[in-house]
Number of protein chains: 2
Amino acid sequence: MSGGTGTADKRGATIYDVARMAGVSHQTVSRYLAGKGGLRPRNRERVEAALKELNYRRSHIARSLATSRTYRLAALGYELSGTGPGKMMQGASEVARAAGYSLDIISLDPVSDSELSDALDLLGNRDIEGVLATAPTEALDRALKGLTTDAPVVVVRDADLPERPYADGVDPLGVHALVQHLTTLGHRRIAHLGGPPAWVAARQRIDAYEHAMHAAGLEPLPVVATGDWSAQSGYAAAPEVLAPGGITAVVAANDRMALGLMLWLHEQGIAIPRDVSVVGYDDVPEAAFFHPPLTTVHLDFQAIGAAAMRSLITMIEQPDVDARPRFPSPELVLRASSGPPPQ
Amino acid sequence: MSGGTGTADKRGATIYDVARMAGVSHQTVSRYLAGKGGLRPRNRERVEAALKELNYRRSHIARSLATSRTYRLAALGYELSGTGPGKMMQGASEVARAAGYSLDIISLDPVSDSELSDALDLLGNRDIEGVLATAPTEALDRALKGLTTDAPVVVVRDADLPERPYADGVDPLGVHALVQHLTTLGHRRIAHLGGPPAWVAARQRIDAYEHAMHAAGLEPLPVVATGDWSAQSGYAAAPEVLAPGGITAVVAANDRMALGLMLWLHEQGIAIPRDVSVVGYDDVPEAAFFHPPLTTVHLDFQAIGAAAMRSLITMIEQPDVDARPRFPSPELVLRASSGPPPQ
DNA sequence: GGCGATTTCGTTACCGGTCACGTTCTACCA
DNA sequence: TGGTAGAACGTGACCGGTAACGAAATCGCC
């Protein structure tokens, strides 16, 4: 009413405005905002009143300039609209926000490489405190290594493979469990429908398939890896996968490719799992409702993203602490798409 | 070699450092960086050399403080890991980055409302220049309206419905086309498996279904809307949807619910589309590979997100221009899940 | 060579906070 | 009542850029 200071002064009120109105110095206001106490009740009240009256909001920009902390992180990866990467980002994003950081998510398009370099020098930007990169291709992996920033970088692969991945029966990817499940059912000729070879994840799964077959005393079949993770590519690659003949089970590199493969089988009149068993990888929420419901390996993407982000934040806030992320293990999920081979 | 300034001075070089090394004033460096020209070749060279030598990177923070432009936007929505919202964000994100903005993506959890208020006052933050919100529930819609910020806000609904949505044969949602497709095939008892009623999108689709039925001279059946967009919920709701009896076609509120519904039908020995036709909505990439491939309505989510973002940026940069987004129209996609009703 | 008009450049202030330090006030005790 | 420790508060500088303005250098032309 009185005074005539409009409520919405353009450009917002500063601590100096607040200080003037409260009859104190800007430093006192700053102290109040820092919440450290040490204000006399009278001044505290006046500051609070002025703050409210002017609808003060702090300027993170100015604060950042003074403290050289920005609380900004960046995350990048391919195909962030997919279930896996998407959930990962969601997990990461929640952790970041809870810790007071904001997250710039940069979704790369596999097609255009120019975008990659753009995005990368965006990261070279010195007001980003840390970088999280997910499920990279090797091109991205290399690019990240060449990153000229001293901000910490966390790269999430499908699993942090130990030095000797398959020693001691350790199966970090869960592919062994999948293959073992099939061999236990009696399958011998088990094919692998691989993911795009440029992806580290796809290569890891191919390796794991071959290793698991050898471990079971079986000869791995030539891996068909012409796909791009999509259902379309699974459908297209299906004939080639089945070409060797006598195949009774197929391990697809992910659930979506398995879906495409299954449609092709249906169209050929090949029954699942009576004639051919199909298993996937990822356990997307829809996999339980495929026809038939898909046996697959469950990955808790959200937890993976969250763990990676926790690790990144620890690297920033406590550089001396060892903060390697601990990712949850993949778990085999048995459903109706796998069964004993035909006689 | 000479001089002894280490290449990696902590905290980075400033334009003052560069200016000193180049023997010019900081303002000259600033001018060079602004790219406006007007430097003598000699000075230009010296500045360039110093820039490179010191590995200078500009501080966006300081620039923001001086210009009061932050080039930061925020986007928020539910279930960003889903195909639709995910692609939308991807489209928005690309446009934003191309225009020089960075995008904070905030993924809300439908469960916890506390998160919403947290996120919201994060937006009240005055260094965010604009807000994009997608596919909101009405709770979010209300919350956004109460937002105390003078930054522009763009809210994306499924379609920007005109004043009188169904006049003049206009069908902004594509649901009419879907229903008409079914009636043309001869269906009369067409049910709707609705989305979660709290979602504006779900309500719009329910309305459109009922209106389309009336337009075809048919009585809409009671809508079952107990789902949550998931395949699981489609599966669970299936018996109730089919309960009225004699139903020969079902319009699901989205593809995932259609997937769950179809699994239930398979389990009951009901053939699709021989006994019952099923159609979805969204056209997720996998829909073409369901069994059978799903008739649905295609939405170009990426284009929608991009259009919304362009609109937001226009609102920021040219406040006087009318920048209402123009979204692409949904398109009917015919596949094998719909066919004539049984005799 | 001298003059004015343009370019080119430097000086100073400012954005909105925090930090370091010095001053004032209060409270307690001799 | 005076002295003093410690809390409360204010002053000035600084973070790293940009904006505004005036000074200096350059150019063209007579």
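In the text below, chain A, chain B and the rest are named by the order of the sequence lines, each starting its count at 1.
- No option in B:Leu132, B:Thr83, B:Val156 other than B:Val156 meets the side chain to side chain contact (heavy atoms under 4.5 Å, CB included) test with B:Met88.
- Remark on DNA chain C: of its neighbouring residues B:Ser25 and B:Ser68, the 5'-side contact belongs to B:Ser25, judged by nearest-heavy-atom nucleotide.
- Contact check, B:Tyr56 against D:dG17: a side-chain N or O comes under 4.0 Å of OP1 or OP2.
- Relative orientation of the A:Trp199 and A:Trp229 rings is perpendicular, given thresholds of 30° and 60° on the angle between their planes.
- Nearest nucleotide to the side chain of A:Thr14, out of C:dC9, C:dG17, D:dG17: C:dG17.
- The interatomic distance linking A:Arg57 (CZ) with C:dC15 (P) rounds to 21 Å, in whole Å.
- Counting to the nearest Å, the C1' atom of C:dC25 and the CD atom of A:Gln27 are 17 Å from each other.
- Atom P of nucleotide D:dG16 and atom CZ of B:Arg20 are separated by 12 Å, given to the nearest angstrom.
- We find that CG of B:Leu65 is positioned 14 Å from P of D:dC15, with the value rounded to whole Å.
- The shortest distance between the side-chain N/O atoms of A:Thr67 and the OP1/OP2 oxygens of C:dT18 is not below 4.0 Å.
- Summarising the geometry, the separation between OH on A:Tyr32 and C1' on C:dG17 is reported as 17 Å, rounded to the nearest angstrom.
- In the interface, the side chain of A:Arg31 is paired with the base of D:dG10 through a donor and an acceptor atom under 3.5 Å apart.
- Across all strands shown, A:Leu39 has heavy atoms under 4.0 Å from sugar-phosphate atoms exclusively, and none from any base.
- Counting only N and O atoms by type, the side chains of A:Tyr32 and A:Glu48 include a donor and acceptor under 3.5 Å apart.
- At D:dG10, one or more side-chain N or O atoms of A:Thr28 fall inside 4.0 Å of OP1 or OP2 (strictly under the cut-off).
- Of the candidate nucleotides D:dG17, C:dG17, D:dT18, D:dT18 has the atom nearest to the side chain of B:Ser30.
- At whole-Å resolution of the value, CG in A:Leu54 and P in C:dG17 are 12 Å apart.
- Using a cut-off of 4.0 Å between Lys/Arg side-chain N and Asp/Glu carboxylate O, B:Arg69 and B:Glu129 are scored as salt-bridged.
- Applying the 4.0 Å criterion to OP1 and OP2 of C:dT8, one finds that B:Asn43 has every side-chain N and O outside that range.
- Contact annotation: the side chain of A:Tyr101 never approaches that of A:Thr70 to less than 4.5 Å [non-hydrogen atoms, C-beta and beyond].
- Residue order along DNA chain D, read from the 5' end via each residue's closest nucleotide, puts B:Ile61 first among B:Ile61 and B:Arg40.
- The CG atom of A:Asp17 sits 9 Å away from the P atom of C:dG17 (whole-angstrom rounding).
- Rounded to whole Å, atom C1' of C:dG16 lies 12 Å from atom CZ of A:Arg58.
- In this model, no side-chain donor or acceptor of B:His26 finds a partner on the base of C:dT11 within 3.5 Å.
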